[in-house]
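Read through the structure below, which is laid out as structure tokens, and then see the notes.
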Amino acid sequence: MVLSINELVHGFSLAVEATQFAARHKRVQAKFVDVLKITVIGMAIAHVVIYGLVFFPLFLLQAGNSAFATLLQYDSTQSTLALLSTRGAVEHFLDMLPLLGLDIITHVRPAVFASIFFAMLSEIDPEYSDALKSWPPRRFRWAKIKFAIQRLSRRYLMTLGASLLSRVPYVGWVVVPAGTVSVMAKFVGYPLSGAVVVLSVIAPDSKRTMFFVFKSLLAMSDFSRDLLKPYFSHLGAKPRQQVAFYRANESTIIGFILAFYFFVQLSWVGPAFFILAQAAIALFIVRQTPRPPMYTPGATWQLTQDKEEPKEL
């Protein structure tokens, strides 16, 4: 589905409205502050520990390496680069630590975030909240694992195939640009995706920026699924049904997520903004989805009106 500017703007405006509403909710305020405190204190402790156990020894190794290189007259370039690379990898891990913890909690203790979602939902539309709560949550663990394996395998095989085909003489250079056009066209259409690829060929320095934008679009998709877990689990939505829902509301969802995504990526405060986003998504659900009926044994609820469920990349 090609992204719609109007729906992107609509989704973003929903996010702004939902954030203003959530920010006035006392429980959301308290949870936001609690998570912010825990994250900041945890990051401060992690920095002290990592600096003591990793960075200080690396500093000593780097100083010793420089001293021995001077005394013994050998080229220390490779060893210095290795030490700097190690430090960079540890710093990256440290920056990602709060988000890694957040990702673990969303899978191990989903009830923590579901309670925030339903607290907000009950404030916006009590009848919708009661109806959704009446549906017993279902997790479909095996279906989720199977779907994730299939999706990751498909992406890995596509990447591997592109890598191998790109080495074919004379035509190999076409493979990666053609694949990029094919994938990006799902978001922005063929004319714009083709223009993006041409620009990356003409101006190689733009590749990093374009890769960041494309990666962010995919990450927003995963982020939205985390926020929608309480809604999906209570209605018994299987992974492919969730993908169908996402594709049917793709532009609006991305516009909504865009208001939170970059704040959530901030290592020291990201988890707190995830709490705000989890509360705000309740307004999106009320405005963009029909209210389900009260649950009766054996009942099912179709998330979208699509007859065919699209396949994940």
Side-chain angles (χ1 to χ4, degrees), residues 1-25 28 32 99 102 106 113-114 116-121 123-125 128-129 132 183-189 192-193 196 210 212-235 237 239 241-266 269-292 302-306 309-310 312-313:
M1 175 181 178
V2 178
L3 297 181
S4 165
I5 298 297
N6 290 336
E7 291 181 14
L8 284 171
V9 172
H10 174 61
F12 191 87
S13 64
L14 274 180
V16 173
E17 181 184 351
T19 301
Q20 293 172 342
F21 190 91
R24 296 193 298 266
H25 194 282
V28 176
F32 182 90
L99 299 180
L102 178 65
T106 57
F113 301 100
I116 296 295
F117 169 77
F118 278 108
M120 185 71 172
L121 187 63
E123 289 286 334
I124 298 171
D125 190 336
Y128 198 124
S129 178
L132 188 58
V183 174
M184 288 195 69
K186 299 178 185 298
F187 294 100
V188 298
L192 186 56
S193 62
V196 166
M210 292 173 185
F212 170 76
V213 172
F214 182 59
K215 185 179 70 172
S216 296
L217 287 172
L218 295 178
M220 287 179 195
S221 170
D222 294 334
F223 179 30
S224 67
R225 290 191 186 104
D226 286 337
L227 294 180
L228 290 166
K229 275 181 182 178
Y231 175 73
F232 287 148
S233 64
H234 272 268
L235 292 179
Q241 294 172 325
Q242 296 177 25
V243 173
F245 176 88
Y246 180 82
R247 292 290 174 81
N249 300 276
E250 193 166 35
S251 296
T252 309
I253 289 176
I254 289 179
F256 187 94
I257 295 300
L258 189 62
F260 303 98
Y261 175 74
F262 295 104
F263 291 103
V264 173
Q265 299 305 305
L266 300 175
V269 298
F273 279 97
F274 185 90
I275 294 295
L276 190 60
Q278 183 66 85
I281 199 71
L283 181 66
F284 175 90
I285 292 298
V286 170
R287 295 285 181 81
Q288 295 296 123
T289 65
R291 181 193 307 164
Q302 189 172 348
L303 298 181
T304 67
Q305 300 301 316
D306 298 334
E309 296 172 354
E312 176 70 356
L313 288 177

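Residues that satisfy the side-chain hydrogen bond (donor to acceptor under 3.5 Å, both in side chains) test with H10, not counting sequence neighbours, are Q288. F274 is linked by a ring pair (Phe, Tyr, Trp, His ring centres under 6.0 Å) to F113, F223, counting only residues two or more places apart in sequence or in another chain. Residues passing the side-chain contact (heavy atoms from CB on, under 4.5 Å) test with V16, sequence neighbours excluded: F12, Q20. Checked against side-chain contact (heavy atoms from CB on, under 4.5 Å), A18 has the following partners two or more places apart in sequence or in another chain: F256, A280, L283. Taking S129 as the reference, F118, L121, S122, K133 meet the side-chain contact (heavy atoms from CB on, under 4.5 Å) condition, with sequence neighbours excluded. The side-chain hydrogen bond (donor to acceptor under 3.5 Å, both in side chains) test applied to T289 returns Y128, not counting sequence neighbours. Residues satisfying the ring pair (Phe, Tyr, Trp, His ring centres under 6.0 Å) criterion with F32, sequence neighbours excluded, are F273.
Closest approach of E7 and S251 over heavy atoms only: OE1-CB, 3.3 Å. When all heavy atoms of F262 and L258 are compared, the closest pair comes out as CE1-CD1, 3.8 Å. The two residues A259 and A15 come nearest to each other via the heavy atoms CB-CB, 3.5 Å. Nearest heavy atoms, H25 versus A119: NE2-O, 3.8 Å.
To the nearest 0.5 Å, atom CG of residue L227 and atom CE of residue M220 are 12.0 Å apart. Taking CD1 from I253 and CG from L14, the interatomic distance works out to 11.5 Å, rounded to the nearest 0.5 Å. Atom OG1 of T252 is separated from atom CG of N6 by 10.0 Å, given to the nearest 0.5 angstrom. Here CG of L228 is found 7.0 Å from CD1 of I257. Values are rounded to the nearest 0.5 Å.
Evaluation of the side chain to side chain donor-acceptor pair (under 3.5 Å) test over residues 272-287, restricted to residues two or more places apart or in two chains, returns E17-R287.
Here the side chains of F117 and I285 are in contact, with some heavy-atom distance below 4.5 Å. Side-chain atoms of F263 and V269, non-hydrogen and from C-beta on, never get closer than 4.5 Å to each other.
Side-chain atoms of Q242 come within 3.5 Å of backbone N or O of A237 as a donor-acceptor pair.
Taking the centre and axis of the six-membered ring of F232, the NZ or CZ atom of R225 falls outside the cone set by 45° and 6.0 Å.
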